[in-house]
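Here's the structure we're looking at; comments come further down.
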There are 2 protein chains.
Amino acid sequence: MVEITRKQREIQLRTQEILRVAKPILLAEGLQALTMDRVAALMQYAKGTIYNHFPNKEEIVLALALEAMKLRHKLFEKAASGDRPARIRLMSIGLACEFYTQRCTEEFQIEQWMRNSNIWDKSSPDRQTVIRQCEAGCMQIVAGLVRESLSHGELQSPKHLSPEEMVFGLWAITFGSQILTASSPSLQALGIFDPIRSTRIHCCQLLNGFGWQPILSVDEYLNLVEQIASEFFPQFEQIQREHR
Amino acid sequence: MVEITRKQREIQLRTQEILRVAKPILLAEGLQALTMDRVAALMQYAKGTIYNHFPNKEEIVLALALEAMKLRHKLFEKAASGDRPARIRLMSIGLACEFYTQRCTEEFQIEQWMRNSNIWDKSSPDRQTVIRQCEAGCMQIVAGLVRESLSHGELQSPKHLSPEEMVFGLWAITFGSQILTASSPSLQALGIFDPIRSTRIHCCQLLNGFGWQPILSVDEYLNLVEQIASEFFPQFEQIQREHR
DNA sequence: GTAAAAATTGACTTCTCGTCAATAATTGAC
DNA sequence: GTCAATTATTGACGAGAAGTCAATTTTTAC
């Protein structure tokens with residue numbers, strides 16, 4: 001159906017090459033070091049050619065961010081799979097977030113760049129839409145688990161909150177913790193020594209607060225998380241490798 | 001003690017003027033519209049004079065951010081004052097956050113700019129330190145309430161979490177919710193219609209999870225929050241006015 | 001082999017940042 | 001009040017990146 005010439009394939013590959021070249025510059029030296037001139041020089045193309053692929057450098061960053069979010073999405077999918085109780089699989093998603101932040105540090109860092117208003121505001125609505133869809137996809141995986149639990153009776157819909165609003169709480173606490181951890185280098189000075197453990201505990205209390213079965217004590221929860229981690233982390237690593 | 005000439009006073013006032021001129025540009029047109037040339041032209045000074053006050057525009061933004069955080073700090077102080085149980089005063093701090101986000105939108109927006117790595121990384125360590133201290137000051141107000149509750153026996157130190165780690169949870173969920181609300185325009189599309197109410201409920205569940213007396217049902221909590229709001233919001237408004 | 005279409009090139013314009021030598025204003029000693 | 005020293009102000013300038021586009025080269029289709 002879709003014809004594709006050698007030339008067109010070459011061009012598509014070059015788009016990937018640009019991202020491959022831009023990524024380490026962005027990660028190591030920041031946005032200001034990432035210039036179209038530099039990318040062009042490194043790839044031995046004229047600047048105009050790079051502009052044929054991306055209308056500005058911000059779009060390069062968002063393209064990298066989309067790659068990163070796709071990895072996150074894959075991790076979420078893996079975590080949500082299997083036939084354990086939904087609450088347990090939800091815990092796995094928490095672990096996927098931890099894995100992503102800690103072991104996919106480059107991707108996590110690039111996701112932060114994406115939230116930079118300089119970058120976001122300069123990029124095209126199209127790319128913004130694609131990224132939002134990917135975000136919504138992650139959200140929906142989690143919301144799916146909530147709905148499943150509701151239909152299986154492991155969770156009574158609290159009269160106060162919709163499934164999505166429950167997800168919002170978990171999302172906010174996980175996301176908030178990660179941003180604070182990443183952006184407040186003085187967290188230790190403030191007396192917070194193990195933010196990951198704290199976040200696990202807070203999630204546990206939120207889930208218990210929802211009345212989500214099986215209710216777990218903090219100790220049970222922490223043990224179970226460790227157990228799940230030892231099982232999932234190798235699988236996550238596999239996904240991470242495949243993602244390249 | 002400190003001698004100050006007319007000229008020096010003039011210069012100090014001009015620093016304030018620069019901020020006053022820069023603020024609406026930043027808020028309405030973003031960072032790229034805020035140029036030293038433009039500020040200089042608007043104030044009818046040469047560019048070099050502006051550079052005598054701020055070594056770059058990023059420092060202007062951080063100076064504005066510091067003003068914003070001082071307002072936040074004042075709101076926190078007000079919320080934490082009084083002689084009600086610490087848990088109730090903690091709820092007031094949650095309301096202070098809501099007030100800040102919703103009614104001090106300019107300040108809130110500027111705080112977001114501050115977290116922009118372009119800006120943060122270009123500013124001087126000195127200014128960064130001052131800002132961190134202000135942030136730590138807010139944190140300490142909250143941590144103080146936790147410690148007070150511990151000493152009054154309203155709160156048993158959970159074996160799992162230090163006071164600061166409890167604050168971290170509340171901080172993360174509040175902060176995370178606000179960032180998500182501010183940066184995901186599609187929150188409605190995802191099924192989250194009243195993020196503020198959701199956040200209140202999640203905080204309530206976290207506090208109950210800590211076993212913090214008085215334990216409140218969600219309904220009781222929501223009612224009480226409304227009650228406190230009607231009392232505090234006028235006071236917050238007063239502080240906001242004085243802040244100018 | 002050739003003409004049309006597509007892709008590539010890099011010089012050029014524009015913009016902003018940040019500097020600094022020259023100039024102006026202020027201060028304080030006399 | 002004068003004058004030299006100090007301090008502040010000015011704006012032309014250099015550097016460097018963004019983004020454009022007419023000219024040139026390569027590819028494609030016949």
Side-chain angles (χ1 to χ4, degrees), chain A residues 2-18 21-22 25-26 28-64 113 116-124 126-127, chain B residues 2-18 21-22 25-26 28-63 113 116-127:
Chain A
V2 181
E3 292 286 324
I4 198 160
T5 66
R6 181 179 65 78
K7 184 68 190 173
Q8 286 174 312
R9 210 166 51 242
E10 261 177 47
I11 292 176
Q12 283 182 5
L13 281 173
R14 197 163 52 214
T15 301
Q16 291 308 116
E17 267 304 286
I18 292 173
V21 167
I25 299 177
L26 181 67
E29 300 174 63
L31 185 67
Q32 59 136 10
L34 179 62
T35 70
M36 293 305 230
D37 283 295
R38 187 166 168 190
V39 171
L42 275 171
M43 298 185 65
Q44 294 173 288
Y45 283 105
K47 186 161 53 160
T49 302
I50 311 298
Y51 273 96
N52 279 351
H53 291 266
F54 297 98
N56 52 53
K57 66 175 175 177
E58 285 78 10
E59 293 261 349
I60 296 182
V61 179
L62 279 207
L64 285 169
W113 279 108
N116 182 317
S117 51
N118 291 299
I119 293 174
W120 186 260
D121 296 344
K122 266 206 181 180
S123 66
S124 68
D126 277 1
R127 210 178 284 274
Chain B
V2 181
E3 292 287 323
I4 199 160
T5 66
R6 181 179 65 79
K7 186 69 191 172
Q8 285 174 312
R9 211 166 50 242
E10 261 177 47
I11 292 176
Q12 283 183 6
L13 280 174
R14 196 162 53 213
T15 301
Q16 292 308 312
E17 266 304 286
I18 293 173
V21 167
I25 300 177
L26 181 68
E29 300 174 62
L31 184 67
Q32 59 137 12
L34 179 63
T35 69
M36 293 304 229
D37 284 293
R38 186 165 168 190
V39 171
L42 275 171
M43 299 186 65
Q44 294 173 290
Y45 283 106
K47 186 161 54 160
T49 302
I50 311 299
Y51 273 96
N52 279 351
H53 291 266
F54 296 98
N56 51 55
K57 66 175 175 178
E58 286 77 11
E59 293 261 349
I60 296 182
V61 179
L62 278 208
W113 279 109
N116 182 317
S117 51
N118 291 298
I119 292 174
W120 185 261
D121 295 345
K122 266 206 180 179
S123 66
S124 68
D126 277 2
R127 212 177 283 273

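Residue numbers begin at 1 in each chain, while the letters A, B, ... track the order of the sequences.
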Which nucleotide sits closest to the side chain of [X]: [options]?
{"X": "A:K122", "options": "D:dG19, C:dT9, C:dG18", "answer": "D:dG19"}
{"X": "A:A46", "options": "C:dG10, C:dA7, D:dA17", "answer": "C:dG10"}
{"X": "B:Y51", "options": "C:dT19, D:dA18, D:dA8", "answer": "C:dT19"}
{"X": "B:R14", "options": "C:dT8, D:dA8, D:dG19", "answer": "D:dA8"}
{"X": "A:T35", "options": "C:dC17, D:dA17, D:dT9", "answer": "D:dA17"}

Spacing of [X] atom [atom1] relative to [N] atom [atom2], expressed in whole Å:
{"X": "B:I11", "N": "C:dT26", "atom1": "CD1", "atom2": "P", "result": "11 Å"}
{"X": "B:L31", "N": "C:dT16", "atom1": "CG", "atom2": "C1'", "result": "12 Å"}
{"X": "A:E10", "N": "D:dT28", "atom1": "CD", "atom2": "P", "result": "8 Å"}
{"X": "B:D37", "N": "C:dT14", "atom1": "CG", "atom2": "P", "result": "16 Å"}
{"X": "A:K47", "N": "D:dT20", "atom1": "NZ", "atom2": "C1'", "result": "9 Å"}
{"X": "B:M36", "N": "D:dT10", "atom1": "CE", "atom2": "P", "result": "14 Å"}
{"X": "A:N56", "N": "C:dT14", "atom1": "CG", "atom2": "P", "result": "21 Å"}
{"X": "B:E59", "N": "C:dG18", "atom1": "CD", "atom2": "P", "result": "10 Å"}

Problem set entry | Contacts of A:N118 that satisfy side chain to side chain donor-acceptor pair (under 3.5 Å) - sequence neighbours left out | A:N116
For this session: Examine the base of D:dA18 for any acceptor or donor lying under 3.5 Å from a partner atom in the side chain of A:K57, and report the outcome as yes or no.
Result: no
For this session: Output yes when a side-chain donor or acceptor of A:K122 lies under 3.5 Å from a complementary backbone atom of A:N56, and no otherwise.
Result: no
Exercise. Just by distance, do the side chain of A:K47 and the backbone of A:A41 share a donor-acceptor pair under 3.5 Å?
Worked result: no
Exercise. Heavy-atom count around A:E10 CD within 6.0 Å, excluding the residue itself: above 12?
Worked result: yes
Problem set entry | Lys/Arg N to Asp/Glu carboxylate O, B:R38 vs B:E29, below 4.0 Å | yes
Exercise. Does D:dG1 have a Watson-Crick or wobble partner in any strand here, with both distances under 3.5 angstrom, and which is it?
Worked result: C:dC30
For this session: Look at all strands and tell whether A:I50 reaches a base, only sugar-phosphate, or nothing, counting heavy atoms closer than 4.0 Å.
Result: nothing
Exercise. Looking for any heavy atom pair under 4.0 Å, which part of the strands does A:R38 touch: base, sugar-phosphate only, or nothing?
Worked result: nothing
Problem set entry | DNA chain D: 5'-proximal contact among B:N52 and A:Q32 (nearest heavy atom) | B:N52
